[in-house]
Amino acid sequence: MEVTLVLAAGGVAAGLFGALLGLGGGILIVPLLTLGFGLPVREAVGVSLVCVIVTSGAAAGVYLQRHVANLRLGMVLELFSAIGALAGGFAAFLLPEPALAGLFALLLVYTAASMLRHGRRDVGEAPLADGALIPDPAMPVPPPAWQGTLSGPGYRVQRLGAGMAGSVGAGALSALLGVGGGIVKVPVMHLAMGVPLRVATATSNLMMGVTASASAIIYLFRGGIDPLVAGPTALGVFLGASIGSRTAGRVDARILRALFVLVLLYTAVEMARRALGLA
Amino acid sequence: MGGQRSDRVDLERGLGRLLTTGTYLTVVLVGLGVAGMVLGGRSPLEPGVPPFDPARLPADLAAGRAEGYLWLGIVVAISTPAARVAAALLGYAGRGERTMVAVSAAVLAVIALGVLLALGTG
């Protein structure tokens with residue numbers, strides 16, 4: 001019973017911090033399960049994917065009902081993220097454990113660097129006025145007509161090819177490391193495609209469900225998900241993310257973010273030690 | 001034009017409700033499974049938990065075993081996004097949006113390919 005509660009509490013913490021800092025819980029769940037509970041990285045990734053689906057499903061449901069997410073764009077891009085996830089899911093069963101741990105250490109360092117460089121807005125949510133038209137001087141030729149149907153009120157979707165390529169990469173990353181992939185999708189949609197940040201964040205969240213489930217299926221049928229670990233962790237993450245999303249506006253994220261960067265870097269060192277066989 | 005916008009709003013609202021319902025159903029099922037674990041004194045780290053076997057699911061559920069509820073919750077979670085895509089396909093088909101119907105069908109085909117490959121190589 002104690003282990004169940006500790007696991008659920010860890011999930012609450014991962015979901016809470018993830019929501020407060022605009023990150024998905026996945027970046028914390030895999031280290032929690034591998035370093036804290038001694039699970040193999042691949043099994044931790046399988047559990048994390050289930051958590052990603054649950055938390056993104058709740059958020060995406062709200063985003064769709066409030067018409068913040070761009071459904072059409074999300075569906076086009078999730079076709080490519082699902083292809084990446086399929087490839088990444090099978091690759092995860094071919095790569096040795098130390099390689100997965102090493103890749104995760106790199107992801108943690110990249111996330112910490114992103115948080116230091118751009119703060120909260122770069123890694124997830126941020127208020128950018130709906131309807132802001134992103135100028136694109138580098139693209140004088142108007143996009144094809146059907147691409148115009150993917151645009152939203154006040155913005156025009158551009159460089160769809162970059163979005164498709166970024167989505168394949170985000171899908172593979174999600175499947176290999178058990179994260180939502182928002183750290184790739186949100187900047188690609190916002191900076192390369194001209195989608196307002198708030199819409200990009202909501203659309204990325206919508207895509208996470210299909211992306212994570214495309215690879216979770218592989219983990220499920222190949223014995224990569226332990227239900228006794230996934231259950232308490234997913235419940236905890238759901239609870240933590242629910243609390244975090246309601247309190248996010250009332251918490252000064254600057255101190256939290258600085259603390260979190262230290263946690264990410266410490267975790268990166270521990271994952272790197274595991275990759276090198278030193279832990 | 002106004003009718004088209006109203007259709008879009010209705011579709012998005014319906015898909016949003018579907019995702020929310022699927023998520024809460026997952027949480028309830030997983031919650032029952034975790035309650036079963038706690039009441040049965042089971043540890044999450046116990047060895048020898050059998051892998052997912054759809055054929056065993058009805059018997060596990062009927063016997064009230066924690067694994068049954070946990071597996072069912074996980075399956076509902078994984079299936080919910082695909083159900084959202086299927087519902088979108090129907091919605092777009094009803095509105096005659098052939099490009100989006102093709103996109104939705106392609107997403108479902110990728111997911112189905114994943115299932116087939118996972119079953120074939122698992």
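Reminder, nothing fancy here: chain letters follow the sequence lines and each chain counts from 1. None of the values given here were measured: they were computed from a predicted structure.
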Option in B/Leu45, B/Val75, B/Leu108 with maximal non-hydrogen atom pairs under 4.5 Å from chain A
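So the answer, after comparing B/Leu45, B/Val75, B/Leu108, is B/Leu45.
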Please flag which part of [X] lies under 4.5 Å from any non-hydrogen atom of chain A: side chain, backbone, both or neither.
X       : answer
B/Arg17 : both
B/Tyr92 : side chain
B/Val49 : side chain

Looking at A/Arg274 and A/Glu270, is any side-chain nitrogen of the basic one under 4.0 Å from a carboxylate oxygen of the acidic one?
no
Just wondering, more than 12 heavy atoms not from A/Phe37 lying within 6.0 Å of its CZ?
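Counting other residues, nucleotides and ligands, CZ of A/Phe37 exceeds 12 neighbours.
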Non-hydrogen atoms of chain B under 4.5 Å away: do they reach the side chain of [X], the backbone, both or neither?
X        : value
A/Ile225 : both
A/Phe90  : side chain
A/Ile217 : both
A/Ile83  : both

Between A/Gly209, A/Ala234, A/Ala69, the one whose heavy-atom pairs under 4.5 Å with chain B are most numerous:
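Highest number of pairs under 4.5 Å: A/Gly209.
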With a 4.5 Å cut-off on heavy-atom pairs, point out which of A/Leu7, A/Val54, A/Leu39, A/Thr55 contacts chain B the most.
A/Val54
With heavy-atom distances below 4.5 Å as the criterion, would you say the side chains of B/Arg84 and A/Leu206 are in contact?
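In contact.
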Check whether any side-chain heavy atom of A/His67 lies under 4.5 Å from a side-chain heavy atom of B/Glu12, and answer yes or no.
yes
Will you find, in the side chains of A/Asn70 and A/Tyr155, an N or O donor that is under 3.5 Å from an N or O acceptor?
yes
Between A/Ser81 and A/Glu78, is there a donor-acceptor pair closer than 3.5 Å when you use the side chain of the first and the backbone of the second?
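Present.
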I'd like to know if the side chain of A/Glu97 and the backbone of A/Val41 have a donor-acceptor N/O pair within less than 3.5 Å.
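Flag set: sc A/Glu97 to bb A/Val41 pair under 3.5 Å.
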